[in-house]
Trainee: 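Before we start, here is the structure in question, set down as structure tokens.
Throughout, numbering of the chain's residues begins at 1 and tracks the sequence.
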Amino acid sequence: MKKILLGMSVGLAAALGLAAVPALAESTLDIVKKRGHLRCQIGTPSPGFYNLKADGTWAGSDVAVCRAVAAAIFNDPNAVEFQSVTSTVRFTALANGESDMLSRTTTWTLYRDTQLGLTFTAVNFYDGQGFMVPKDAGIASAHELAGATVCVLAGTTTELNLTDFSRSNNLDIQPVVFEDRNVRDETYLSGGCDAVTNDKSGLAASKAGFPDPGSHTILPETISKEPLGPMTRKGDGQWYDIVRWTVFALINAEELGINQANVDEMAANPPSPEVARMLGVEGELHVGLGLEKSWAHQVIKHVGNYGEIYGQYMGDKSPDGIGIAREGSPNALWTKGGLIYSPPFR
């Protein structure tokens, strides 16, 4: 019987309902290494998260996560093929293997985590849905949007949240649904809908790119929880761990005071056992990941820590930032009243 099974074609085995032998499948890490670069899925251009620069390169906080994973594997943050994919096909592209990972504004939900064959790794941004309106509309609250038309992206939690908010408050909001973020924003700017809804960070990103940002207002209400983070396919625990602990390395580095400028010195003269373990100077924490001992050192050296990434792309003190202050928000470190937290490197 064993000999017959080994001689079967893949098609015949599938027809008989026989599962592939897991041991024969290559790991994602092996596939990525053989290819020589990471395939990382991001969204269509959006300031702050994944912005396409004039020279054709990608930059942003979610882009930085892709580069961090590439740095962990190859010691090269540029060993990445960025795949700009719309919201409606993002999960299919990851599930069918076109992408190795997803790093884009995607909300962690029960359904997505249990029924798509995909799994979330860690939260790298805490967000919530809101509304933006033209300032001259005189609207001060989302509860004043009764009967309004609202632009929203298809295939997102945003669309469902909008419907729930409208029903719960008897507002009879009329969704105007789009596949593409840029078309959505163009329609809003041309008066094709009364308001636009998205995660508040996404609204801030859109507003920052408008011809006259000051003529638009993000309303005060936050109508949902939107924990955002990278995803991988289920069934490859090692790859899941690599992506997950790369995010944790960014966070833990900030906690420990390790940054792009001092990481080499920290590795040469570790100020504590935890720093020594994290940077691969002591211990064997890299073994379970299948990476080099210096993988976390490589990550911080090439992309910085969580705070550096946030400050450059999300904050209000950088030309590339979209003006979302971190202090007092859930995206502050847990030691400063926020929710950003890494398990220990030990």
Trainee: Looking at Lys293, I want to see if its NZ is surrounded by more than 12 non-hydrogen atoms of other residues, nucleotides or ligands under 6.0 Å.
Mentor: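 Correct, the count exceeds 12.
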Trainee: Can you name the closest pair of heavy atoms from Asn182 and Asp180 and give their distance?
Mentor: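 That closest heavy-atom pairing would be N-OD2, 2.9 Å.
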Trainee: For atom NZ of Lys53, decide whether the heavy atoms of other residues, nucleotides or ligands shown that lie under 6.0 angstrom number more than 12.
Mentor: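 Atom NZ in Lys53 is not packed in, count stays at 12 or less.
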Trainee: Under the criterion side chain to side chain donor-acceptor pair (under 3.5 Å), which of Asp236, Thr232, Asp100 is the partner of Thr28?
Mentor: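 Among the candidates, only Asp236 passes.
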Trainee: Verify whether one side chain among Ser318 and Gln312 offers a donor that lies under 3.5 Å from an acceptor in the other.
Mentor: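 There is no such pair between these side chains.
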Trainee: Can you tell me if Glu255 uses its side chain to pair, donor with acceptor, with the backbone of Ser342 under 3.5 Å?
Mentor: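 Answer holds: yes.
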Trainee: Side chains of Val196 and His216: closer than 4.5 Å at any heavy-atom pair?
Mentor: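 Contact flag for Val196/His216 side chains = no.
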Trainee: How far apart are the C-alpha atoms of Thr88 and Glu179, what are their side-chain angles, what is the distance that settles it, and do they pass the side chain to side chain donor-acceptor pair (under 3.5 Å) test?
Mentor: CA-CA 7 Å; Thr88 51; Glu179 298 280 342; 2.9 Å; yes
Trainee: Under 3.5 Å, is there a donor-acceptor pair between the side chain of Lys33 and the main chain of Phe74?
Mentor: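 Judged by distance alone, no pair lies under 3.5 Å.
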Trainee: Determine yes or no for a side-chain-to-main-chain donor-acceptor pair under 3.5 angstrom, with Gln129 supplying the side chain and Thr158 the backbone.
Mentor: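 Confirmed, Gln129 side chain pairs with Thr158 backbone.
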Trainee: For residues 273-288, which side-chain N or O atoms pair as donor and acceptor with protein atoms under 3.5 Å away, sequence neighbours left out?
Mentor:
| unit_1 | atom_1 | unit_2 | atom_2 | d |
| --- | --- | --- | --- | --- |
| Arg277 | NE | Phe345 | O | 2.9 |

Trainee: Could you list all the disulfide (SG to SG under 2.5 Å) pairs where at least one residue sits in residues 193-230, not counting sequence neighbours?
Mentor: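 Output for this query lists Cys151-Cys193.
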Trainee: Without swapping roles, check the side chain of Ser166 against the backbone of Asp172 for a donor-acceptor pair under 3.5 Å.
Mentor: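 Flag set: sc Ser166 to bb Asp172 pair under 3.5 Å.
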Trainee: Check for a donor-acceptor pair, side chain of Arg326 on one end and backbone N or O of Asn331 on the other, with a separation under 3.5 Å.
Mentor: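 Side chain of Arg326 to backbone of Asn331, a donor-acceptor pair under 3.5 Å: yes, one is there.
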Trainee: Would you say CZ of Arg167 has more than 12 non-hydrogen atoms from neighbouring residues, nucleotides or ligands within 6.0 angstrom?
Mentor: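 Counting other residues, nucleotides and ligands, CZ of Arg167 stays at 12 neighbours or fewer.
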Trainee: Is Gln238 atom CD crowded by more than 12 heavy atoms from other residues, nucleotides or ligands, each under 6.0 Å away?
Mentor: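 Yes, because the 6.0 Å sphere around CD of Gln238 holds more than 12 heavy atoms from other groups.
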Trainee: Taking the side chain from Thr121 and the backbone from Pro230, do they hold a donor-acceptor pair closer than 3.5 Å?
Mentor: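 Between the backbone of Pro230 and the side chain of Thr121 there is a qualifying donor-acceptor contact (under 3.5 Å).
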Trainee: Do any N or O atoms from the side chain of Ser224 and from the backbone of Glu226 form a donor-acceptor pair under 3.5 angstrom?
Mentor: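 Absent.
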Trainee: Does any N or O in the side chain of Arg233 come within less than 3.5 Å of the main-chain N or O of Leu94, such that one atom is a donor and the other an acceptor?
Mentor: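 Checked: pair present.
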Trainee: Can you say whether the rings of Tyr306 and Tyr310 are parallel (under 30°), tilted (30 to 60°) or perpendicular (over 60°)?
Mentor: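 Tilted.
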Trainee: With a 4.0 Å cut-off, would you call Glu26 and Lys34 a salt bridge?
Mentor: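 Counted as a salt bridge, because a side-chain N and a carboxylate O are separated by less than 4.0 Å.
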Trainee: Is it true that atom CD of Glu292 has more than 12 heavy atoms of other residues, nucleotides or ligands lying nearer than 6.0 Å?
Mentor: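 Count not over threshold, so no.
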Trainee: Would you say the ring centroid of Phe49 lies under 6.0 angstrom from that of Phe125?
Mentor: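 Between Phe49 and Phe125, the centre distance is under 6.0 Å.
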Trainee: Linking Ile, Leu, Val, Met, Phe, Trp and Tyr through side-chain heavy atoms less than 4.5 Å apart, which residues share a cluster with Ile173?
Mentor: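 Its cluster partners, ordered by chain and number, are Phe131, Val133, Ile139, Leu145, Val150, Val152, Leu162, Phe165, Leu171, Val177, Leu219, Ile223.
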